[in-house]
Amino acid sequence: MEQKKTQTLHLEYTFQASVTSVYDAWITRPVAELWLFKSETNQLNFESTLEKGGRFSVVEFDGKKKIDHWGEWLEINRPNTLHFTLEVPAHFEGTSEVLIEVKETPGGTQLSFTQKNIDTSKTETAWKGMLAKLDEILQQPYLSTIQSGKNEIIPALLVVAMQVVGLARSLDEEKWNTIPYKGSWTPAQLVRHLLKSVSGIGPLIEKPSKPADRDPGERILQLKQNFLDITKTMQSPEFIVPEKMHYNKESLITEFEAALAPLTRLRDVNLNELITGLPLGPITKLEIVHFIFYHFQRHLIQMKRITEALKTENETHLSVFKNSLNS
């Protein structure tokens with residue numbers, strides 16, 4: 001009986017992004033759908049139960065062609081190690097194992113990629129292309145300007161949303177529902193607020209509208225100035241204020257990521273059309289996408305402040321405890 005050929009593939013890639021951003025891009029649905037098995041013409045559907053032994057699948061649609069990718073999470077050690085099986089019968093035979101190791105280095109964040117148990121001569125070129133695409137996507141929040149079009153601003157806002165969730169994910173369940181300081185929301189409430197703010201936005205923008213009779217980006221600078229002025233207090237409309245309740249962390253994160261997923265389809269939509277009847281007044285679809293980006297950026301700053309306060313509180317309590325033991 002002929003023995004199947006196997007060849008271990010090992011790749012190294014350095015990103016100018018944080019360790020958590022590089023790691024989370026593999027497990028965050030709307031961001032993963034931008035690069036993981038993505039081509040210029042296909043559409044992806046990423047589903048995952050993010051726990052050891054949990055399953056994931058990526059279904060690729062390219063015209064009439066459908067390609068299934070699936071596997072099992074063997075180890076999830078965020079933000080440093082991700083180990084999983086991967087099967088793609090359309091591209092290679094057998095069950096492969098993939099190991100992702102992420103660490104901070106003086107030159108940036110280094111990702112080490114290893115795939116084994118299959119003939120990786122059939123996968124090497126594809127993985128190199130995907131890592132380069134991921135690098136491009138993770139840079140978008142820092143390269144985007146008021147002139148950025150949909151191909152730049154949509155990945156940028158999804159990466160920022162991922163970073164907000166990544167900060168919240170670093171907290172345990174108790175801190176997830178804790179108010180860090182007077183006048184603040186809990187981390188869970190902040191995510192809930194962002195969820196409510198984008199729910200229904202995708203279908204709204206996808207719906208055909210009349211072309212704008214003005215520059216479709218006319219209001220972008222004003223939106224940026226308003227939302228990124230952190231000295232300015234802003235009052236959220238009542239319909240997107242988060243409810244005061246206890247939230248399950250993974251359930252809420254999953255719901256938020258599902259609400260973001262339709263935004264990836266907006267790259268196929270004409271964003272120069274005008275929408276009326278919203279609290280923001282007459283606004284183009286392009287301006288709405290920029291609005292979401294700046295709104296997420298503002299709350300990324302807020303989430304950083306919240307998580308730092310909660311972690312500092314942990315350290316303070318530990319210090320008091322140690323001092324009491326030594327007295």
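Keep in mind that this is a model prediction, so the values were computed, not measured.
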If you look at every heavy atom in Met303 and Val164, which pair is closest and at what distance? CG-O, 3.7 Å
Any chance you could measure Ile283, atom CD1, to Glu218, atom CD, to the nearest 0.5 Å? 11.0 Å
Is the shortest side-chain N to carboxylate O distance from Lys249 to Asp172 below 4.0 Å? no
For Ile118 and Thr6, run side-chain contact (heavy atoms from CB on, under 4.5 Å): C-alpha distance rounded to whole Å, both residues' side-chain angles, the deciding distance at 0.1 Å, then the answer. CA-CA 5 Å; Ile118 63 162; Thr6 65; 5.7 Å; no
Rounded distance [0.5 Å steps], CD in Gln189 versus CG in Asn177: 8.0 Å
Regarding Asn80 and Lys103, do their side chains bring together a donor and an acceptor under 3.5 Å, going by distance alone? no
Please walk me through it: do Ser21 and Ser18 pass side-chain hydrogen bond (donor to acceptor under 3.5 Å, both in side chains)? CA-CA 5 Å; Ser21 290; Ser18 70; 3.0 Å; yes
Looking at every non-hydrogen atom in both residues, tell me the closest pair between Leu111 and Trp26 and how far apart they are. CD1-NE1, 3.6 Å
Side chains of Gln139 and Gln16, donor plus acceptor under 3.5 Å: no
Could you tell me whether Ile179 atom CD1 has more than 12 heavy atoms of other residues or ligands within 6.0 Å of it? no
Consider only side-chain N and O atoms of His295 and Gln297, and report whether a donor and an acceptor are under 3.5 Å apart. no
Can you list the steps and then say if Val289 with Phe291 is a side-chain contact (heavy atoms from CB on, under 4.5 Å)? CA-CA 5 Å; Val289 174; Phe291 156 74; over 6 Å; no
Determine, for Glu250 against Arg169, whether the closest basic-nitrogen to carboxylate-oxygen distance falls under 4.0 angstrom. yes
First locate atom CG of Leu167, then atom OG1 of Thr307, and finally report the distance between them rounded to the nearest 0.5 Å. 4.5 Å
Between Leu310 and Ile306, is the side-chain contact (heavy atoms from CB on, under 4.5 Å) condition met? List the steps. CA-CA 6 Å; Leu310 290 171; Ile306 286 173; 4.0 Å; yes
Closest non-hydrogen contact found for Lys196 with Val241 is NZ-O, 3.1 Å
According to the interplanar angle, ranging from 0 to 90°, do the rings of His299 and His193 count as parallel (below 30°), tilted (30 to 60°) or perpendicular (above 60°)? perpendicular
Can Arg214 and Glu287 be counted as an ion pair, charged N to O under 4.0 angstrom? yes
Are the ring centres of Trp73 and Phe56 closer than 6.0 Å? yes
With no hydrogens and no angle check, do the side chains of Thr81 and Glu101 hold a donor and an acceptor under 3.5 Å apart? no
Whether the Glu47 and Ser57 side chains hold a donor-acceptor pair (N or O, under 3.5 Å, no angle test) is what I'd like checked. no
Between Trp176 and Asn248, the two heavy atoms sitting closest are NE1-C, 3.8 Å
Using a strict cut-off of less than 4.0 Å between a Lys/Arg side-chain nitrogen and an Asp/Glu carboxylate oxygen, indicate whether Glu136 and Lys133 qualify as a salt bridge. yes
Check the pair Asp24, Met162 against side-chain contact (heavy atoms from CB on, under 4.5 Å), reporting the backbone distance first and the verdict last. CA-CA 7 Å; Asp24 287 350; Met162 178 186 74; 3.8 Å; yes
Using only heavy-atom distances, determine whether the side chains of Glu257 and Thr254 contain a donor-acceptor pair under 3.5 Å. no
Between the CG atom in Leu260 and the OG atom in Ser199, the distance rounded to the nearest 0.5 Å is 9.0 Å
I'd like to know whether Gln115 forms a side-chain hydrogen bond (donor to acceptor under 3.5 Å, both in side chains) with Glu97, so could you lay out the CA-CA distance, the side-chain angles of the two residues, the decisive distance to 0.1 Å, and finally the verdict. CA-CA 6 Å; Gln115 185 177 32; Glu97 281 188 37; over 6 Å; no
Asp229 versus Gln225, side-chain donor and acceptor atoms under 3.5 Å: no
Interatomic distance, Leu138 atom CG to Leu143 atom CG [nearest 0.5 angstrom]: 11.0 Å
Do Trp127 and Phe113 make the cut of ring centroids closer than 6.0 angstrom? yes
Between CG of Leu274 and CG of Leu286, what distance do you get to the nearest 0.5 Å? 12.0 Å
What closest approach, in Å, do Phe293 and Ser144 show between heavy atoms, and which atom pair accounts for it? CE2-CB, 4.1 Å
When the aromatic ring centroids of Phe15 and Tyr13 are compared, is their separation below 6.0 Å? yes
For Pro216 against Thr284, the heavy-atom pair lying closest together: O-OG1, 2.6 Å
Donor-acceptor pair, distance only, cut-off 3.5 Å: does the side chain of Lys285 make one with the backbone of Ile205? yes
Lys/Arg N to Asp/Glu carboxylate O, Glu243 vs Arg192, below 4.0 Å: yes
Stepwise side-chain hydrogen bond (donor to acceptor under 3.5 Å, both in side chains) check, Lys232 with Asn226: CA-CA 8 Å; Lys232 184 176 181 179; Asn226 284 343; 3.2 Å; yes
Test side-chain hydrogen bond (donor to acceptor under 3.5 Å, both in side chains) on Asp268 and Gln43; report intermediate values, then the result. CA-CA 11 Å; Asp268 300 322; Gln43 294 291 333; 3.2 Å; yes
Between Glu206 and Arg265, is there a salt bridge with N-O shorter than 4.0 Å? yes
